[in-house]
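The chain is numbered in sequence order, starting from 1. These numbers come from the heavy atoms of this one structure, side chains and all, not from hydrogens, waters or symmetry mates. Indexing begins at 1, ligand by ligand and atom by atom, following the structure's order.
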Amino acid sequence: MSDAGNEAGRSGIYAIAPRLALEGTAASPGVGIGRAYVIDPRRFHVPRREIEPGEVELEVGRFIEGLGKTHDHLEAIKNRLPHGEHRQILEAQQMMLQDPDLTTRVEELIRGEGISAEWAVDRVATEIRETLERADDEYFRERGSDIAFLAERVLRHLGGDDGSEAQPPPGSVVIAYDLSPADTAELARAQVVGIVTGGGGQTSHSAIMARSLEIPAVVGVEDVLGHVQTDDMVIVDAIEGVVVIRPEPAELERWQNVRARYDVFEDRVQREHGLPAIARDGTHIVLRANVALEAEIASARFHGSEGVGLYRTEYAFMDRDTPPTEDEHYRNAKHVLHRCAPHPVVFRTFDLGSDKPTRLFRYTEREQNPAMGLRALRLALRERDVFLCQLRGLLRAAVHGPLRIMVPLVSGVSELRAALGAIDEARMQLAERRVAHAPDVSIGIMVEMPSAALVADALAKHVDFMSIGTNDLIQYTLAIDRTNDEVGYLYRPLHPAILRLVHKVSAAGKAAGVAVSLCGEMAADPRYTWVLVGLGVRELSMHPSAIPVIKNIIRASTLSEMEALARDVLDAEDEDDAERRVLEVMQSRFPEHLLHGGGSRFAAETRPRRPLEDAG
Ligand code: PEP
Ligand code: MG
């Protein structure tokens, strides 16, 4: 009970505790509004009883029976759930019940020390939990609470209880110190609309369970049980990680609208998951994934990408003492193409140096200013044999599918010619060795320097496609080191200089009939989608989990409204003005949370937060 509540109780005057907002960690995105149902936080009382020698076998038998009942209880909960991650969590808990560290040790204590099954279970669970909680890794610390929950269930069964928590009424927001995965699964059945816990982190099994059951949840809210009582009205903002207790009526109404808009949008995201990003007037915007590791391809496919728009091959060069061989490049690219078929994969030749360090080439150690030093294409041209080796591997793999080669950090036409010369040379080397390779692979460049953007019309004459890399384009245009937080506040994607450069490149591509895509982080931010498409970009490549939300923005829009916004924003005098114009339009059309970098359930992972928030 809050202090205000205690005061009221003591003085006998009825007083309503005031509104309160508490912060925690958003663990399962969404918005839940309902009356609180507080789960009693008191720990189960463990009877500490010594037993007679003649009772030992009976006590061991009770323990084994308690384990069996707990197992069956978890089985019953599991069987009510759909197949998937939630079931696996409960299976893992069932396996923990059979772990000899628990079972053999409990039996040893009953036999060796002559104590009751309850006491032995409690001691062993405490030992295991304390060991796990000392671990550095959050994952192991979370497993400590799994053990505590399991032990509590076993204890309840030993005491003749069926092990279940009382069920909250449908539509409640459950407030608890912490919840076991099984409790969380039961809550979904009870149709609770939100969960708030005092303990737990994002990797706790109850958080994972809440995510997969789609119950909005905020965890780690310090002392929440001290502030809420059953029946208090609660808003769970599980996007920002805030819990509002006893909101004002106007606030409640506003949040009901937020929730309705969020839910409508989320439903659409889920329904349209497998469909292409076609705007309402029929314009198809190709959405592809940025991938650095082969393991991310599964995520790209799951999130409905139409291939890979940026495969960052430099990761294959990191943490090793020799560069990958031609065969390694070949095999990896062939495998990636196979996994992405029938969609294309854009392999960017290695972009090493500066923010992508390597111990293979030591140039950066001698450089005062590595971002402007020997990185990316410049390094590849210096280390020509390494470059040729990669190009040969890629050209060979191209016989197996729609492979495209993209060269990073091209400054202008002469450097592009040097890169194209290297590609020709790699082709000739393969021809001389009579090794199979694709004769005409699509070749493109990244436009990520102001110089390249300004001569995009000249560059477009020599390439098949251009991809705007806004991460570097912003760094070089606005002179802000992308790795330096001190100047992070200057990172403003809607700076008029950036908008004009993007516009210039897309116009140059259009005039030359060359496809223009954009693969910087800007592509993943729903606030910018209209502007980018309106400026003429027709392909966006981003981290996979951002795809469903961007797709839905596009599917709900028409090209003419996107172009109207782009035209308007091109007129803005400065970045503040541009941001205001964009937010005003986007907020009138899409859920507020989504546009603040908060997530859909499909995009619950990382979305970069940029200073645009300040403009809101
Ligand atoms: C970019 O610069 O925008 C880009 C996509 O490349 P990277 O972030 O890998 O430098
Ligand atoms: Mg770049």
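Note on E584 versus R589: no salt bridge recorded, every NZ/NE/NH1/NH2 to OD/OE distance being 4.0 Å or above. Taking a cutoff of 4.0 Å between a charged side-chain nitrogen and a carboxylate oxygen, R404 and D464 do not qualify as a salt bridge. Using a 4.0 Å cut-off between charged nitrogen and carboxylate oxygen, E579 and R527 do not count as a salt-bridge pair. A salt bridge links R396 with D327: the closest approach of a Lys/Arg side-chain nitrogen to an acidic carboxylate oxygen falls below 4.0 angstrom.
Atoms of ligand 1 lying under 4.0 Å from any heavy atom of L310, numbered from 1 in the order shown and given with element: 5 (C). If you number the atoms of ligand 1 from 1 as listed, the ones under 4.0 Å from a heavy atom of M446 come out as 4 (C), 5 (C), 6 (O). Of all the atoms in ligand 1, the ones that sit under 4.0 Å from a non-hydrogen atom of D351 are 10 (O).
The N/O atoms of T470, backbone and side chain alike, include one that comes under 3.5 Å of an N/O atom in ligand 1.
With respect to atom 6 (O) of ligand 1, the closest heavy atom belonging to the protein is R348 NH1, 3.0 Å. Protein heavy atom closest to atom 8 (O) of ligand 1, with residue, atom name and distance, is R482 NH2, 2.7 Å. Annotation: atom 5 (C) of ligand 1 to nearest protein heavy atom, C519 O, 3.4 Å.
Among D472, I474, V487, the single residue meeting the side-chain contact (heavy atoms from CB on, under 4.5 Å) criterion with R482 is D472.
Closest approach between the Mg ion (ligand 2) and any N/O/S atom of D472 involves OD2. Nearest N/O/S atom of E448 relative to the Mg ion (ligand 2): this is OE1.
Residues A279 and M562 come closest through the heavy atom pair CB-CE, 4.1 Å.
Comparing K356, E448, Q475 by heavy-atom distance to atom 2 (O) of ligand 1, the nearest is E448.
In this structure, the ring of F350 has its center no less than 6.0 angstrom from the ring center of H329.
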